[in-house]
Amino acid sequence: MKDSIRQLIQHALDRLTEQGVLPEGLTPAIQVENTKDKAHGDFASNIAMMLAKPAGMKPRDLAQQLIDALPQDDQITKVEIAGPGFLNFFQNSQALANRLEAALADERLGVRKAGAHERVVIDLSSPNLAKEMHVGHLRSTIIGDAVARVLEFLGDEVIRQNHVGDWGTQFGMLLAYLEEQPAAAQSELSDLEQFYRAAKKRFDESADFADRARQLVVSLQAGDAECLRLWHRFNDISLSHCQKVYDRLNVRLTPADVKGESAYNDDLPTIVAALLGKGLLSESDGAQCVFIDEFKNAEGNPLPVIVQKAGGGYLYATTDLAAMRYRSQVLHADRALYFVDQRQALHFQMAFEVARRAGFVSPDMRLEHMGFGTMNGVDGRPFKTRDGGTVKLVDLLDEAEQRAYSLVKEKNPELAEDELRQIARAVGIGAVKYADLSKHRTSDYSFNFEQMLSFEGNTAPYLLYAYTRVASIFRRAGTSMDVLGGQIALQAEHEQLLAGKLAQFGDVLNTVGEKGVPHLLCSYLYELAGLFSSFYEHCPILAAEQEAQKQSRLRLAALTGRTLKQGLELLGLETLERM
Ligand code: ARG
C-alpha cells in the first residue's frame with residue numbers, strides 16, 4: 001500500500017514539474033508512514049514539507065497543489081492536509097477488504113517485493129573455527145538468518161556465505177597440540193573450548209612447543225600435506241560443532257554455505273598485485289597499504305588498510321577484498337550484506353572503499369555492513385560466566401530450554417513428557433532468538449532469561465501463545481485456516497483496525513529486507529497479536545449473529561493466524577499448534 005501511495009505521489013510530482021510548479025530535477029525519497037491515530041487517515045506523507053523550500057512555496061500550499069494533481073485511485077477515499085503540511089490518506093475499506101481477500105487466497109499472503117528482484121549475498125555467522133561458538137556469534141547467526149528468510153520470501157535469490165575464520169596463526173598452536181597428544185586431543189576435541197585452552201597452555205609454558213607451532217603455520221601455508229590433513233580434521237570437527245548449533249537454533253545454514261577465509265588464499269597475491277597495478281599501494285614500514293584520505297586518525301593523518309605485512313603475510317582485510325571480488329565477479333551479487341559486530345564498522349567502511357576504487361566490485365553493487373550491538377548480561381556489562389569466561393552458546397541454549405521446561409510444566413502439569421520437551425524446545429530456543437531479534441539491531445541489549453520467557457509483553461512465549469489461540473478457534477470451528485477464501489466485510493471498529501494492520505505485512509517485510517531490521521517484524525507481529533485480542537474480545541466469531549458475519553470474521557482470524565505463523569517462521573521461530 002505504501003508503495004502504491006508513493007507511486008501516486010510520484011505522479012503528482014511529475015505533473016507539477018511538467019506544469020512548472022516544481023523545478024526540474026527534484027528526486028526526493030518519498031516517505032509514506034502509517035498513521036498512529038486513525039482519525040488522521042491511514043497513511044501520511046511529509047513530502048510537501050520536504051519540497052516546500054526548493055519549490056519556493058508554503059508547505060500547505062504545495063500540499064494542496066499535490067492533492068489536486070494526485071491521480072484517482074479506488075483504494076483511497078480522500079486525502080487531507082494536516083498540521084504544517086502533512087498529506088493524510090484515507091483508505092477505502094472496501095478496497096482494504098478486497099486486498100485481504102486476495103491475500104487469503106494467496107500462499108504468499110499477497111506479499112510482493114517493492115523493487116526488482118535481486119541476487120543477495122548474506123555474510124552471516126562466520127565464527128572463528130579455532131574456538132567453540134560463543135554468545136557473540138548468536139546475533140550474526142540469527143539476525144542474518146531472519147533477513148535471509150525475509151528476502152527469500154520476497155523473491156530474492158539469497159546466497160548465504162559463512163565466512164568462517166579457518167586460517168591464521170592460532171592454527172599452528174592447535175595443530176602442534178593435535179600432533180603432540182593425539183590421544184588427549186581426540187577426547188578433548190568434543191569440547192573445543194577446553195582443547196583451545198589446553199593448547200594455549202602448552203604454547204605459553206613451552207618454548208619448544210611454541211616454536212613447533214610457528215613452524216607448523218609456515219608448513220601449513222606452504223601446503224604441507226600432513227599439516228593440511230590435521231588442519232582439515234580440526235576444521236571438520238569444529239564445523240560439525242557449529243552445524244549442531246545451527247540445527248538446534250533452526251537456522252538455515254548448511255556445510256554447503258561455508259566459504260571460509262582459507263578459500264581465498266590463492267587470491268590474496270592477485271589482490272595485492274591488482275592494487276599495485278591500480279597505483280593504490282604505498283609502502284609503510286615495509287607493509288603494503290592503501291591509504292584513503294577520507295579516513296583519518298586522531299592526528300588527522302590518513303588511515304591505511306594494510307593488505308600485506310612486512311613479513312609477507314596477508315590480513316583479514318585482504319581476505320575480505322578477495323571475498324568481495326568473488327561475490328561480485330563470480331556470484332554476480334547485486335547486494336552483499338555483512339552481519340558483523342558493529343565494532344568492525346570502520347574495517348568495512350574502509351574495505352568497501354578500497355574494493356570500489358580498485359574495481360573489485362561492479363559500480364552498482366551495494367555493499368552494506370549490517371552491524372549489531374553487543375549482547376550484555378542483566379547487569380549491562382558484557383555477558384560472561386560467573387568466573388569471567390565467555391559463555392558457550394550451547395550452555396546458554398541448554399539453560400533456556402531447561403527454564404522453559406519448568407515453566408511449561410508448571411502451567412500444564414498434565415502434558416506428556418515428550419510433548420513437554422517439544423514445547424520447551426520451541427519456547428526456550430524461540431525466546432532466546434526472539435529477545436535478540438526484537439531489539440534494534442544496532443543497539444546493545446541485556447540478556448535476561450526472566451524477561452524473554454515472560455508470557456506478557458513483546459516476547460516469544462506471548463506470540464507463540466497468541467498463535468495457538470487463533471489455532472484453537474479453528475479446531476473448535478472444525479475447519480482449517482489454510483483453506484478459507486471468500487468475502488470479508490469490515491464493519492466493526494475492531495475489524496477495521498485488525499484489517500489495517502494485516503494489510504501492512506508486505507510493507508513491513510519490504511523494510512526489513514531493505515534495511516536488515518527484523519525488530520520491525522517483531523513489533524509488527526506483537527501489534528498484530530494485540531489487535532487480534534481486542535478484535536476477539538469485541539467481535540464474537542463462532543457466536544456471531546449471522547452466518548456471513550461469522551465467516552467473514554473467521555477469514556480475518558485465518559489471515560491473522562497465517563500472518564503470525566509466516567512472520568514467526570521468517571524470524572526462524574518454530575510455531576506450536578497448542579501449548
Ligand atoms: N570471523 C570474524 C569474527 O569472528 C567475522 C567475519 C565476518 N565476515 C567477514 N566477511 N569479515 O570476527
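Order of listing sets the numbers, starting from 1, for every ligand and every atom in it.
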Original post:
Counting both backbone and side chain atoms, is some N or O of His137 under 3.5 Å from an N or O of ligand 1?
Top reply: no
Original post:
Counting only heavy atoms not in Lys384, do more than 12 sit closer than 6.0 Å to its NZ atom?
Top reply: yes
Original post:
Going by atom types only, do Ser125 and Arg160 share a side-chain donor-acceptor pair under 3.5 Å?
Top reply: no
Subject >> Heteroatom distance test (Gln344, ligand 1): nitrogen or oxygen, under 3.5 angstrom >> reply: yes
Original post:
Nearest protein heavy-atom contact for atom 2 (C) of ligand 1: which residue, which atom, what distance?
Top reply: Ser126 O, 3.6 Å
Original post:
Is it the case that Tyr316 and Gln344 place a side-chain donor and acceptor less than 3.5 Å from each other?
Top reply: yes
Original post:
Hey, which atoms in ligand 1 end up nearer than 4.0 Å to a heavy atom of Tyr338?
Top reply: 10 (N)
Subject >> Side-chain donor-acceptor pair present, Tyr246, Asn162, cut-off under 3.5 Å >> reply: yes
**OP:** Go through ligand 1 atom by atom and flag the ones less than 4.0 Å from a non-hydrogen atom of Asp320.
**Re:** 9 (C), 10 (N), 11 (N)
Subject >> contact_flag Tyr316 ligand 1 heavy-atom lt 4.0 Å >> reply: yes
Original post:
Taking atom CG of Asn297 as the centre, does the number of heavy atoms from other residues, nucleotides or ligands within less than 6.0 Å exceed 12?
Top reply: yes
**OP:** Fit a plane to each ring of Tyr338 and Phe352, take the angle between them on a 0 to 90° scale, and name the class: parallel (under 30°), tilted (30 to 60°) or perpendicular (over 60°).
**Re:** tilted
**OP:** Compute the shortest N/O to N/O distance between His347 and ligand 1 and return yes if it is under 3.5 Å, no if not.
**Re:** no
**OP:** Between Phe348 and ligand 1, find which residue part has any heavy-atom pair under 4.0 Å and reply side chain, backbone, both or neither.
**Re:** side chain
Original post:
Should we count CZ of Arg343 as having more than 12 external heavy atoms under 6.0 Å?
Top reply: no
Original post:
So which heavy atom in the protein is nearest atom 8 (N) of ligand 1, and how far is it from that ligand atom?
Top reply: Asp123 OD1, 3.1 Å
